[in-house]
Amino acid sequence: MVRPSSKVATVISFLALATIVPQCLWAQQGKGAASGDELLKSIGLTKPAMSRAPDFNLRDANGGASSLSAFRGSLVLLNFWATWCGPCREEMPSMELLSRNFGGQGFVVVAVNQRENAALVNKFMKTHSLNFATPMDTDGRVAASYRVYGIPVTYLIDGNGQAIGMKSGPRDWASAEVVSVFRKLIGESGGGTAGSMELEPAVPLPNVLRAKAAGILVRSQQDPYSEIVGKLERGEELVPLGKVSGAGEFWYMVKTKSGAVGWVRGGEVDEVRIGK
């Protein structure tokens, strides 16, 4: 039998626990949010002024419907760009590498084009071997809803449609630190494990690549049966943009002297590193 005084002590203890436990939970949740903010800050992303990312309904460059809500549940890298924008063009190959590395794991890249026509955008995407979604913001209303006053601008949006990070200006989205942060973010959101193709950001890319033989083909994908976007001469120099490996081989994303962007097998080119 429990005496009255013991009952009082038991009730007080229970009430104390009921107060402490939620405080602990809130502290853990706050700590998680803070750590996420710190991760994003470490790669140059700031906290957006808005919390809820405005939805949109646009047509993509191929005429299909495209909306932000269609990607609910995924981490979205939402970029605002145009083909005439030099900094936009510079960062897009690294966006493609990030997309290929984490695509299918709860991550998507969506590049909202600003006030251009579909034919021009499709030509640009094909020439540079870019495969992410390109909604067409033909009147600039979507950019205005995101308070975009210059490009490129990129937002990071979580699976609940909340804007959690923003970057004004270009970024190397395939750098070692960015890949590391995105791997943590996608892992924490339950996006899955690493895919079959993996970025190799830890080792600096060579300064130049040279074709070992004449007739080496530059492909649109890391696939020997994908579309041919160029053919190389023996000794032709290429600018390396990225490197991925998987299935026992590796490929370089390259830019040719004609300006075409595509992929070549690592075994078909020589690496040239110029010392300081």
Just checking Arg52: does its CZ atom have more than 12 heavy atoms from other residues, nucleotides or ligands closer to it than 6.0 angstrom?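 Yes - once you tally the heavy atoms of other residues, nucleotides and ligands closer than 6.0 Å, there are more than 12.
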Are more than 12 heavy atoms, taken from residues, nucleotides or ligands other than Arg141, located less than 6.0 Å from that residue's CZ atom?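 No, not enclosed.
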Can you name the nearest heavy-atom pair linking [X] to [Y], along with the distance?
X	Y	answer
Ser42	Val181	OG-CG2, 3.8 Å
Asp137	Ala143	OD2-N, 2.9 Å
Leu209	Pro240	CD1-CB, 3.8 Å
Asn122	Ala61	ND2-O, 2.8 Å
Ala49	Arg147	CB-NH1, 3.3 Å
Leu97	Leu241	CD1-O, 3.6 Å

[Y] reachable from [X] in the ILVMFWY side-chain graph, under 4.5 Å edges:
X	Y	answer
Met166	Val109	no
Val178	Phe132	yes
Met95	Val179	yes
Leu39	Ile164	yes
Ile151	Leu77	no

So does Lys123 pair up with Glu116, basic N to acidic O under 4.0 Å?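 Glu116 and Lys123: not salt-bridged.
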Looking at Lys167 and Glu91, does any basic side-chain N land under 4.0 Å from a carboxylate oxygen?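 Answer for the salt bridge query: no.
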[atom1]/[X] to [atom2]/[Y] distance, rounded to the nearest 0.5 angstrom?
X	Y	atom1	atom2	value
Leu238	Tyr252	CG	OH	11.0 Å
Leu205	Lys243	CG	NZ	8.0 Å
Thr256	Glu233	OG1	CD	10.5 Å
Arg100	Leu130	CZ	CG	8.5 Å
Cys88	Met92	SG	CE	6.5 Å
Thr46	Leu156	OG1	CG	11.5 Å

Report yes or no: do Thr134 and Asp60 form a side-chain donor-acceptor pair below 3.5 Å?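 The criterion, which ignores hydrogens and geometry beyond distance, is not satisfied for Asp60 and Thr134.
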Is it the case that Asp55 and Ser69 place a side-chain donor and acceptor less than 3.5 Å from each other?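 Yes, because at least one side-chain N or O of Asp55 sits under 3.5 Å from a partner of the opposite role on Ser69.
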Is [X] reaching over with its side chain to a backbone N or O of [Y], donor-acceptor style, under 3.5 angstrom?
X	Y	value
Asp158	Asn160	yes
Ser94	Asp172	no
Asp270	Arg210	no
Lys257	Glu237	no
Arg115	Asp139	yes

Side chains of [X] and [Y]: closer than 4.5 Å at any heavy-atom pair?
X	Y	result
Arg265	Pro224	yes
Ile228	Arg219	yes
Pro48	Tyr155	yes
Asn57	Ser67	yes
Asn101	Arg183	yes
Phe102	Leu75	no
Asn131	Ser99	no
Leu68	Val142	no

Residue that, paired with Val261, satisfies side-chain contact (heavy atoms from CB on, under 4.5 Å) out of Arg89, Glu96, Met253: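 So the option named by the test is Met253.
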Before giving the answer on side chain to side chain contact (heavy atoms under 4.5 Å, CB included), spell out for Val269 and Val254 the whole-Å C-alpha distance, their side-chain angles and the decisive distance to 0.1 Å. CA-CA 11 Å; Val269 293; Val254 299; over 6 Å; no
Specify whether Phe80 and Tyr146 have parallel, tilted or perpendicular ring planes, treating 30° as the upper limit for parallel and 60° as the lower limit for perpendicular.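 The arrangement is tilted - the two ring planes meet at 30° to 60°.
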Relative to each other, are the rings of Phe107 and Phe182 parallel, tilted or perpendicular (30° and 60° limits)?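 The arrangement is perpendicular - the two ring planes meet at more than 60°.
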Go through the steps to decide whether Met136 and Leu58 satisfy the test side chain to side chain contact (heavy atoms under 4.5 Å, CB included), and finish with yes or no. CA-CA 6 Å; Met136 306 294 295; Leu58 299 171; 5.7 Å; no
Stepwise side chain to side chain contact (heavy atoms under 4.5 Å, CB included) check, Val218 with Trp263: CA-CA 5 Å; Val218 181; Trp263 298 84; 5.9 Å; no
Verdict with reasoning, Glu268 to Leu217, per side chain to side chain contact (heavy atoms under 4.5 Å, CB included): CA-CA 9 Å; Glu268 295 179 328; Leu217 301 177; over 6 Å; no
